Each structure stands twice: as structure tokens, then as C-alpha cells.
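Just so you know, these numbers come straight off a predicted model, no measurement behind them. Reminder, nothing fancy here: chain letters follow the sequence lines and each chain counts from 1.
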There are 2 protein chains.
Amino acid sequence: MKAQTLTNLNDARSQATRSRLVQATIDSLIEHGYSKTTGVEICRRAGVTRGALNHHFPDYSALLIDALREVYTTLKVEPDASSLERVVRSGYKNVVQPEFKVVIELWLASQNDPAIGDKLARAIAESAYAFSPKSFRRAGIGEPAANAIYYTLFELLIAIGLGRATSGGKASAHEHMVFETMLDLARQQDSLGVKNNE
Amino acid sequence: MKAQTLTNLNDARSQATRSRLVQATIDSLIEHGYSKTTGVEICRRAGVTRGALNHHFPDYSALLIDALREVYTTLKVEPDASSLERVVRSGYKNVVQPEFKVVIELWLASQNDPAIGDKLARAIAESAYAFSPKSFRRAGIGEPAANAIYYTLFELLIAIGLGRATSGGKASAHEHMVFETMLDLARQQDSLGVKNNE
DNA sequence: TTGATTACATACACCTGTGTATGTATTGTT
DNA sequence: AACAATACATACACAGGTGTATGTAATCAA
């Protein structure tokens, strides 16, 4: 049984520090990438000492997992997935955020760094489920032909995100053309889905 | 005036060492990523000392540029770009090579590491010209509508390459579906192009 | 109020990578 | 043959990051 204090000051302070460490990790990954996101750098940004980092995250991979989860929470898919076009528009808004770079950096880091690989890979796999076509039944996704279009659009979103991440967050010269093409494909599939339901 | 020796032994040896350093860099980037691709690691793989590395590449960024150029040479676009479908098939063969991971790692590194950023960015921009739609006039690429499809397919190739790089070089469960969709789109555009030429 | 726990900060030893200076053997020049 | 240049290897000093042990102030339970 846990006694409840009125203020619970320590707990609030602890959560705040923890949160700042996670946010500092995200910011560092966005600005400097994985290789320069060190414990020292994270603590400098968070305004705490390495003792605090070690207290909250004795395992370095746990911090990265928390950072990834936090980013996945920020980049949430539109709950209204009533059409593929909506899904595309919502996904686009997500991948053009600077935070999406964290996802890419950690995808690669998980592959490159065996120390964090396994644990991080599991977190990635879990979160990826949110993007499974099963989440988009309402948009007509489910049967093979629609799945193919869905995954294709999904890959395009990732490519746009990578393009942003490798260009300082700025859109490439042709990003807009690609996005319009994606919308065309989505609307095409949407109208097919409607037809099938008639 | 430069005297020509019969054997030119030193020159051959020098080229061989230089080549091994570049190849070691590529291999390390594929296996361990940018953050763990250190001078020490590269020399260990190449079987030389850091003295040799420093002799050939006093500037670290020069080595990375050479590695990137070497990879771009390996991943050469099909010279026969008579149809978009051919371009897609050729591009696919390239991005599923392990070497494509080097491209991605260096794209990100160029963004993250100011020490090498500018110089590497220029090399990236130069090489990217080979993938410009201007290179594919024969496939009907040039006017706006075709360009949009072209860039979209191009982005999809990159996304597939990223998928491979973040999965240990193995294809994802849906990669094939995406590739088939790409072929469909390419053939569709190809037939339009033929129509326009009739 | 006293002891225990939490939430950090501080400090030290260690390791790895880097810059740079210098040594040296082979090759090329005259 | 003597000198110079190339192509490395060796060695040292230094910087930055990490693991870990210990110190300490605030909070909490009794």
C-alpha cells in the first residue's frame, strides 16, 4: 500500500526532470543526429548533471525508447481515417515535423548499435502497429489491391520525411509534386472503395 | 615534366591502399553506421595504420566524399532509359544493394556534422544530377505530369532503400507489393507517353 | 524527531578517438 | 652513389565520453 501525500513534490520534480531529459534527447537527435547525441550533451541541454541522467536512465537504451515513444505520441495519426485522402493529409503533416527525424535516426541506430538494437527494435515494432492497414479499415483498406496502394502511400510519406530530415527540415523542390500525386492516388482508391461498397 | 618509370610500383601501391581505405569506409558505414565509422575502425579493416589514412586523407571529409562517389559509381542507373518501367526496375536493383545504406548514412551525416557538411553536401548535389528527370527524356519524362510520376517513383525507390537499410538489408513484408504498384504506375505513364507520341 | 528513501550532484578512473610530430624503408632522380 | 620524395608506421599528448562510487540535500514514513 502506497501512502498518498498531499503535495507529492518529489514525484512531480522527478517527472519534470525525466521529461526534460527525454525532450533534450529528442532535440539533440534533431539537431545533431545520433552520433553526437551523448549523455553529456543531453544533460547540458536538460540543465542537469549526468548523475540525474544515470538515476533516471541507468540503461541508455531506455532513454532512447522513451524518446521514440514520445515522438510517436507527438506524431499521432489522425483518428478520423474515413478516407485514404484524409490519411495521406494527416500523415504528411506528421512526416514534415522535425520530430520525424528522430524516428529515422533511431531506426538506423537500432540497426547499427547492437547495445540498444534489440530493445529499441521492439519498441519500433510495437509503435509501427499503429500504422498497420488494419487501423484503416474505414478507409477501405483491407483487401489486397487497396493494401498495395496503402503501403505505397505509406512509403512515400517516409520518403518525404527522410527528404526533410536530410535537408534541414525544408521541402525539396519536387516535394509538392509528389504530395499531389499521392493525393491523386488516394482519391482514386477512395472512389474505388465507394464503388465497391455500392 | 614527369618521368615515367616502367613499373611505377609506388603509384600502384598507393592507389591500392587508398582504394582499400575507401572500401573499408564503405563497409564500416554499411555494418556499423556513421557514428561507429571511426578512423581507427577504418584502418583496422583496411589493414593499415592511421598514418596511412592521414597520409592519403588529411581531411576526413575527403574520405567520405570518395566513399560516396565510389558508391554512386557502383549504383549506376541503367543507361537504357527507354521506358519508365526500365528505369524503375534498374533503380530498384540499386536501392536494394547494401551500398545504398552508405548514401543514406552520408545524407544524414552531411546534415548532422558541420565539419563535413558543406563539402559532402556539394558532392551529394553533383551526383544527384544523374538522377534528374533530364536524364530520362527518352522515357517521356520532361513535361509536368510525367515529372510528377517520375519524382514519385524516385521517392519510392529511396523509401525502399531506407527500408532495407533499417532492416539489415532484408526486404520488408510489403516491399513486393509496393514494387508491383510502382511498375503499374510506370507502365501506365509509359503507355501515355506512347500515346502522346502517336 | 529520527531514520530511511528519493533525487539528484560531484569526483575519479578508464577508454577510445584524434591531431600531430617524427621515424623509416622503399622508390625515384640525378 | 647520393640525395630527395613518397608511403607509410610509430608514438605521444590531449580531448571527450562513459561507468561507477560516493556525497548530500530534500522528502517521506514512523
Presence of salt bridge, B:Glu126 and B:Arg122, under 4.0 angstrom: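 No, no charged N to carboxylate O under 4.0 Å.
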d([atom1], [X]; [atom2], [N]) in whole Å:
X: A:Leu63; N: D:dG19; atom1: CG; atom2: P; result: 12 Å
X: B:Phe57; N: D:dA7; atom1: CZ; atom2: P; result: 12 Å
X: A:Tyr60; N: D:dT18; atom1: OH; atom2: C1'; result: 11 Å
X: B:Arg44; N: C:dT16; atom1: CZ; atom2: P; result: 12 Å
X: A:Lys36; N: C:dT18; atom1: NZ; atom2: P; result: 12 Å
X: A:Leu53; N: D:dG17; atom1: CG; atom2: C1'; result: 12 Å
X: A:His55; N: C:dT5; atom1: NE2; atom2: P; result: 14 Å
X: A:Glu41; N: D:dG16; atom1: CD; atom2: C1'; result: 12 Å

Touch class at under 4.0 angstrom, heavy-atom based, for B:Thr49 against every strand present: base
A:Ser19 side chain vs A:Gln15 backbone, donor-acceptor pair below 3.5 Å: no
Check: A:Leu162 main-chain N/O paired with A:Thr166 side-chain donor or acceptor under 3.5 Å: yes
Heavy-atom check, side chain of B:Leu108 versus side chain of A:Glu105, under 4.5 Å: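 Side chain of B:Leu108 against side chain of A:Glu105, heavy atoms only: contact under 4.5 Å found.
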Below 4.0 Å: OP1/OP2 of D:dC8 and any side-chain N or O of B:Thr17: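 Yes, such a contact exists.
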Side chain of B:Asn54 (C-beta onward), nearest among C:dT20, C:dT18, D:dA9: C:dT20
Nearest to side-chain heavy atoms of A:Thr38, which nucleotide of C:dC8, D:dG17, C:dT18: D:dG17
First encountered from the 5' end of DNA chain C, between A:His56 and A:Arg50: A:His56
